[in-house]
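Data block below; observations after.
The sequence lines fix the lettering, A, B, ..., with proteins before strands; numbering per chain opens at 1. Given the structure is predicted, the values throughout are model-derived calculations rather than measurements.
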Protein chains: 2
Amino acid sequence: MATTLDVFDRKLLAEVQRDAQLPQNELGVRGNLSTAAVNRRLRRLAEDGVIDRYAAIVSPEKVGCPLTIVSMVEVESEQIDLLDSMKRTFEQCPQIQQCYYVAGEWDFVLILTVRDMEQYTDLTRQLFFSNNNVKRFKTLVSMSRVKVGLGVPVDIAE
Amino acid sequence: MATTLDVFDRKLLAEVQRDAQLPQNELGVRGNLSTAAVNRRLRRLAEDGVIDRYAAIVSPEKVGCPLTIVSMVEVESEQIDLLDSMKRTFEQCPQIQQCYYVAGEWDFVLILTVRDMEQYTDLTRQLFFSNNNVKRFKTLVSMSRVKVGLGVPVDIAE
DNA sequence: TCTGAAAATGGACCTTT
DNA sequence: AAAGGTCCATTTTCAGA
């Protein structure tokens, strides 16, 4: 599962999570490796799935999605096929950035990015009100995106 | 605020959010642009802050952080300096991937990625129990990361 | 839009542990 | 064998005509 990562790998991962555009020679300087070694390691990390993918992170405000919303959903039944169908619906909705199936007071936590409240209202109709398996949901409107990322801690210090 | 984006920009953003490693000539083919045009547009999108940054997305499981947790926090006082201090604490905690300051039943929503429950317990001590301004918090443990990303919808269809 | 220079990537090959 | 380093070919980026 957790591949063995040495200090060099961890350093690389830390850098490249922050800025994937750093050229391999610069990564080499920072991590005390030759460019070729950096190249090999990055390739291996990608092959092993440690690096899942590279992505451009776009500013929601700049593309007309200034509103971030957290929704929590409780379902009526946890029957597998009903859950799967909900998961698929959530996955496919472009406004849903993230969906977690959770244990506790709620069943799903969703992070959405939308144009405005009207669009969110529309989405609640499509996703929640028109779905018989949604028992109730709660909406938390984000006033400030204090920290947003997918960075995973890689503990440079062994 | 929302820069004007034409169909070409939107197409580029859609592609590059999914895979930032596509070479510009390939992006050109997909978006019906010359390589040079792709190059200029990507540069402009980055300069304008539409593309915030490029990042490698690392698999939490593969680096020993298999547990995703959603925490919700209610504060005692919303005094500005107390809030700011909390925000800074949350920002600096490497296990906190995301922090939203929200309106509604709770004040903060946090997404954490941790090694195990023990580490989470430790963090609750540091972040919540030892902070006088935390009135209460709730923990939702993720059983499945159904959808995880920071992708913003860019509506190819104008 | 095309052309070409500069930069970055990634393979070949040899060396070290 | 496994991983590092140097060197070189190929690919990609990116600016000027």
Report task. For Val134(B), enumerate each residue passing the side chain to side chain contact (heavy atoms under 4.5 Å, CB included) test, keeping only those at least two apart in sequence or located in another chain. Result -> Val73(B), Met86(B), Phe128(B), Asn131(B)

**Report entry** For Leu22(B), side chain to side chain contact (heavy atoms under 4.5 Å, CB included) partners two or more places apart
**Finding:**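 Applying side chain to side chain contact (heavy atoms under 4.5 Å, CB included) to Leu22(B) gives Glu15(B), Asp19(B), Glu26(B), Leu27(B), Arg30(B).
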
Query raised in the report: If Ile, Leu, Val, Met, Phe, Trp and Tyr residues are connected whenever their side-chain heavy atoms lie under 4.5 Å apart, and connections chain through other members, are Val75(B) and Tyr101(B) in the same group?
Result: yes

Report summary line: Counting primed atoms, P, OP1 and OP2 as sugar-phosphate and everything else as base, the B/S/- map of nucleotides 4-17 of chain D against protein heavy atoms under 4.0 Å is BBB-----SSBS--

Query raised in the report: Is a side-chain donor or acceptor of Ser85(B) paired with a backbone partner of Asp81(B) at a separation under 3.5 angstrom?
Result: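 Pair absent, no side-chain N/O of Ser85(B) close to backbone of Asp81(B).
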
Requested in this report: Could you tell me whether the side chain of Gln97(A) and the main chain of Leu150(B) form a donor-acceptor pair under 3.5 Å?
Outcome: yes

Query raised in the report: Can you name the residues that form a salt bridge (Lys or Arg N to Asp or Glu O under 4.0 Å) with Asp52(A), not counting sequence neighbours?
Result: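 Partners of Asp52(A) under the salt bridge (Lys or Arg N to Asp or Glu O under 4.0 Å) test: none.
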
**Report entry** Pairs meeting criterion side chain to side chain donor-acceptor pair (under 3.5 Å) with involvement of residues 104-115 of chain B, two or more places apart
**Finding:**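 Passing the test, one end in residues 104-115 of chain B: Lys138(A)-Glu105(B).
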
Report summary line: So the contacted stretch of DNA chain C, first to last nucleotide with an atom under 4.0 Å from a non-hydrogen atom of chain A, runs from dA8(C) to dG11(C)

